[in-house]
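Note sheet for the following structure.
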Amino acid sequence: MTTVSPWRLRAEFARRLSDMYGHEVPAYTTLVDVSHEVNAQVLGRSGGDAERLGSIARVTAERHGAIRVGTPSELHQVARIFGALGMHPVGFYDLRDAAASAVPVISTAFRPIDTDELARNPFRVFTSMLTPADPRFFDGDLRTRLENFLAGRELFPPELIELADRAERDRELSTDDAERFLELAVGAFELSADPVDKAWYQELERVSAVAADIGGVRSTHVNHLTPRVLDIDALYQAMTERGIEMIDAIQGPPRWDGPDVLLRQTSFRALAEPRRLRLEDGSIITGALRVRFGEVEARGIALTRKGRARYDRLVEETDRRDVAADRVWREGFPATERGLIDEGLAWFTYHLRDDRPRHGRPPTSVAGLLDQGWIRADPIVYEDFLPRSAAGIFQSNLSGEGTRDNSREGVRYDRDWLAGAIDRDIHDPFALYERQQNASIADVAKALELTGPLR
Ligand code: OOG
Ligand code: NI
């Protein structure tokens with residue numbers, strides 16, 4: 001019997017989700033087309049250098065999605081569906097405090113974690129969960145009604161969850177089961193044609209547009225799918241020339257002459273989509289809701305904790321000093337990959353060079369081996385998200401600010417709480433990158449027969 005492995009299931013799921021979303025949101029197809037054009041230009045211009053942070057095959061297929069659910073048990077089901085696709089929860093994001101307007105959610109990202117799995121298909125999904133218990137956004141009465149509404153809906157058919165559990169346990173599905181799983185999984189993230197209760201939706205919308213998108217309907221849907229581009233400034237320009245109005249800024253690090261690090265993202269507001277609305281007298285009308293959008297991203301090198309602290313400081317400094325961000329960066333950030341290594345700011349894997357010296361004793365430090373041409377450093381690409389950018393992306397696409405009462409104490413959530421809710425470990429992104437770097441250093445030490453620890 002032929003079977004389908006998790007990574008094939010993941011790649012096929014990503015492909016079908018992309019086809020489905022392209023039908024629902026035509027501007028997404030334009031974005032993907034323009035991204036491919038830009039990537040081809042960069043490849044033509046920079047050749048092999050363009051592939052330093054991922055092969056063109058990987059980058060072309062690469063997407064992240066964003067979904068939003070209402071309860072811990074819905075999130076638990078999501079974790080099982082993504083578990084079938086070899087995607088694991090990584091990182092904890094609290095967007096309630098990262099955003100100035102009302103974004104009452106906490107989030108994690110489901111993604112592959114092993115290097116070879118990432119190389120096969122790096123599909124990731126930023127997944128947010130509503131926090132109705134947070135009194136800064138919801139009073140007691142609204143909280144109760146919202147929780148009751150959420151408890152009464154079913155986002156995922158039991159057959160889908162059953163197939164997901166089997167796929168994760170056996171690490172494969174038969175071709176027939178895989179087909180059924182994909183059909184149900186993609187279907188679960190399609191925009192529903194069921195009428196939306198207009199009064200309920202609007203009541204939530206006054207509190208937060210995100211709360212309405214999540215808790216105002218009886219189903220879930222992909223909020224956006226994001227292609228990866230090699231030159232996001234060129235993309236921004238090309239989309240603007242096509243008459244698509246982008247948000248006013250690219251989120252994340254500025255364009256500058258030094259190495260690309262972390263993540264740069266930008267988005268545009270999608271058009272309002274026709275949705276069926278149910279009025280209080282029971283009649284159904286066709287209205288329009290504007291919640292979904294297009295987003296695109298460029299990925300750079302993953303930073304260490306120290307590098308990330310530096311990044312956060314430069315962001316804060318840029319806000320405070322009111323000078324151009326690239327100037328703040330030139331003053332405060334290494335302009336070369338080697339500078340990042342020497343200051344311990346970014347993650348790399350190390351590999352023996354083919355043209356390394358054939359005689360003499362190799363030095364016993366990474367810096368020494370690099371200096372004397374024994375090894376080379378390949379950057380590790382950042383596979384995760386940035387809370388401030390995520391908040392910016394949420395915010396710039398909301399219809400209104402919503403309301404929040406900052407005089408009330410928020411409810412605390414953290415990584416452990418989330419792990420308990422979905423009954424799975426939530427991986428620490430830094431630990432994953434560190435493991436990858438350490439494994440490569442251990443390989444080098446072994447190949448060079450270095451006995452002591454390589455520094
Ligand atoms: C998620 C927003 C965060 C990103 O790329 O930072 C995100 C959402 O809008 O649901 O997708
Ligand atoms: Ni996104």
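Because only heavy atoms are used, hydrogens play no part in the values below, and waters and symmetry mates are left out as well, while side chains stay in. Indexing begins at 1, ligand by ligand and atom by atom, following the structure's order. Note that the structure is a prediction, hence the values are computed from the model and not measured.
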>> Closer than 2.8 Å to the Ni ion (ligand 2): does that hold for any N, O or S atom in Glu295?
In response: yes
> With the Ni ion (ligand 2) at the center, what angle do NE2 from His64 and NE2 from His224 span, rounded to 10 degrees?
Replying inline: 110°
> Got Gln251 and Thr266 here, is their nearest side-chain heavy-atom distance under 4.5 Å?
Replying inline: no
> Counting only heavy atoms not in Asp257, do more than 12 fall under 6.0 Å of its CG?
Replying inline: no
> To which protein heavy atom is atom 9 (O) of ligand 1 closest, and what is the distance rounded to 0.1 Å?
Replying inline: Arg68 NH2, 2.8 Å
>> Check Arg218 with Asp194, please: is the shortest side-chain N to carboxylate O separation under 4.0 Å?
In response: no
> Is the shortest N/O to N/O distance between His64 and ligand 1 below 3.5 Å?
Replying inline: yes
>> Any heavy-atom pair between the side chains of Ser128 and Ile106 that's under 4.5 Å?
In response: no
> Who's closest to atom 7 (C) of ligand 1 heavy-atom-wise, of His224, Arg124, Arg292?
Replying inline: His224
> Which atoms from ligand 1 have a heavy atom of Asn223 less than 4.0 Å away?
Replying inline: 9 (O)
> Among protein heavy atoms, which lies nearest atom 1 (C) of ligand 1, and at what distance?
Replying inline: Phe394 CE1, 3.4 Å
> Going by the atom numbers of ligand 1, which of them fall below 4.0 Å from some non-hydrogen atom of Glu295?
Replying inline: 4 (C), 5 (O)
> Quick one: are Tyr21 and Val222 in side-chain contact, heavy atoms under 4.5 Å?
Replying inline: yes
>> In the structure I gave you, are the side-chain heavy atoms of Leu303 and Tyr382 within less than 4.5 Å of one another anywhere?
In response: no
>> Students should be able to answer this: which protein heavy-atom is nearest to atom 3 (C) of ligand 1, and at what distance?
In response: Ala390 CB, 3.5 Å
> At a 4.0 Å threshold, what atoms of ligand 1 neighbour a non-hydrogen atom of Ala66?
Replying inline: 1 (C), 8 (C), 10 (O), 11 (O)
>> Using a 6.0 Å distance limit plus a 45 degree cone around the ring axis, check whether Arg299 lies over the aromatic ring of Phe385.
In response: yes
